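Here the structure comes first, spelled out in structure tokens, and everything after it is commentary.
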Amino acid sequence: TSTRDNFLRMISKVGVVILCCHATISQAFHMDKAIDLTHPVNEKTIAWPKATQFTAKQIFKGETEGGWWYENRDISSSEHAGTHVDAPNHLRNKKGGWSAGEIPLDRLAGPGIKIDISQQSVENEDYLMTAEDILSWEEENGKIPEDSI
């Protein structure tokens, strides 16, 4: 068998794993009700002031000698840019805590609520959510469930 055939067999197995995982996650977290909190990552992405700003350099984009389409970019960015997770060991008063790779997956997704302060933000772009906003939401919707995000 050719390298290409082996590659395609490997990719098809990965695809099955991804589909199985997607189905399980969709069932567990009701993905139809999920709220995507991510933002696009590009040269306009806000990063920590002294950190490396995002750059992407196209290295290759085209058909390889073997006949496969291939795209590759070198990407550089601070870990503190755009939508990201700060691990417990990131900033603490003492050494310790999980790194981002050690955080259990079940701690990164789950049931959540959305408190919409978009109107206040239109009126004041520096608006910060207040305890009153949370209490008002609870008056309308009930107490925020334990372990909500």
Side-chain angles (χ1 to χ4, degrees), residues 4-61 68-149:
R4 184 175 190 273
D5 291 339
N6 288 334
F7 176 76
L8 292 174
R9 261 196 296 284
M10 179 188 72
I11 291 299
S12 69
K13 290 177 185 174
V14 170
V16 170
V17 170
I18 291 170
L19 286 174
C20 290
C21 290
H22 179 269
T24 303
I25 291 169
S26 295
Q27 292 163 355
F29 293 114
H30 305 284
M31 295 301 284
D32 60 322
K33 296 179 182 176
I35 299 171
D36 183 357
L37 301 176
T38 60
H39 296 276
V41 177
N42 56 38
E43 289 77 9
K44 295 178 183 177
T45 299
I46 296 171
W48 191 255
K50 301 256 182 195
T52 301
Q53 298 300 305
F54 177 88
T55 60
K57 179 181 176 186
Q58 190 77 51
I59 301 302
F60 185 88
K61 183 175 183 177
W68 307 326
W69 183 264
Y70 178 66
E71 296 185 28
N72 182 37
R73 296 185 300 161
D74 283 348
I75 297 173
S76 180
S77 179
S78 166
E79 65 180 330
H80 299 289
T83 307
H84 67 280
V85 171
D86 275 336
N89 72 355
H90 168 59
L91 184 62
R92 316 170 49 87
N93 59 357
K94 61 182 180 179
K95 186 177 179 178
W98 290 322
S99 68
E102 295 170 330
I103 301 172
L105 195 53
D106 66 347
R107 298 289 295 269
L108 298 173
I113 63 159
K114 175 182 168 186
I115 300 175
D116 186 353
I117 60 166
S118 57
Q119 188 57 48
Q120 295 93 317
S121 298
V122 167
E123 295 165 9
N124 174 4
E125 66 182 25
D126 294 323
Y127 185 82
L128 299 174
M129 183 178 288
T130 66
E132 183 56 39
D133 293 321
I134 297 168
L135 293 171
S136 178
W137 185 93
E138 286 187 326
E139 272 183 37
E140 269 186 56
N141 301 281
K143 187 164 173 44
I144 297 172
E146 285 289 319
D147 298 325
S148 290
I149 296 173

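Keep in mind that what you see is a predicted model, and the values were worked out from it rather than measured. Values below: all heavy atoms of this structure, side chains included; hydrogens, waters and symmetry mates excluded. The residues of the chain are indexed from 1 along the displayed sequence.
- For the pair Pro49 and Gln53, the tightest heavy-atom approach, listed with the atom from each and the gap, is O-NE2, 4.4 Å.
- Of all heavy-atom pairs spanning Ala47 and Thr52, the tightest one is CB-O, 4.3 Å.
- Among all heavy-atom pairs drawn from Ile113 and Pro145, the shortest one is CG2-CD, 4.2 Å.
- When side chains are defined from C-beta on, Ser136 does not count as touching Ile115, because their heavy atoms never get closer than 4.5 Å.
- When atom types are taken as modelled, the side chain of Trp48 and the backbone of Glu79 share no donor-acceptor pair closer than 3.5 angstrom.
- What you find for Arg73 and Ala56 is that their closest heavy atoms are NH1-CB, 3.7 Å.
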- Evaluate the criterion side-chain contact (heavy atoms from CB on, under 4.5 Å) for residue pair Val41 and Ile75; output intermediate values, then yes/no. CA-CA 11 Å; Val41 177; Ile75 297 173; over 6 Å; no
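- The OG atom of Ser78 lies 13.0 Å from the CD1 atom of Ile46; values are rounded to the nearest 0.5 Å.
- Here the shortest heavy-atom pairing between Ile134 and Met129 reads CG1-SD, 3.9 Å.
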- Item | Residues Lys61, Trp69; criterion side-chain contact (heavy atoms from CB on, under 4.5 Å); working and verdict | CA-CA 8 Å; Lys61 183 175 183 177; Trp69 183 264; 3.9 Å; yes
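- Legend: side chain to side chain donor-acceptor pair (under 3.5 Å) pairs involving residues 124-135, not counting sequence neighbours, sorted by first then second residue: Gln120-Asp133, Tyr127-Asp133, Thr130-Asp133.
- Side-chain atoms of Glu43 do not come within 3.5 Å of backbone N or O of Phe54 as any donor-acceptor pair.
- Of all heavy-atom pairs spanning Gln58 and Asn72, the tightest one is NE2-O, 3.3 Å.
- Rounding to the nearest 0.5 angstrom, the gap separating the OG1 atom in Thr55 from the CG atom in Asp74 is 8.5 Å.
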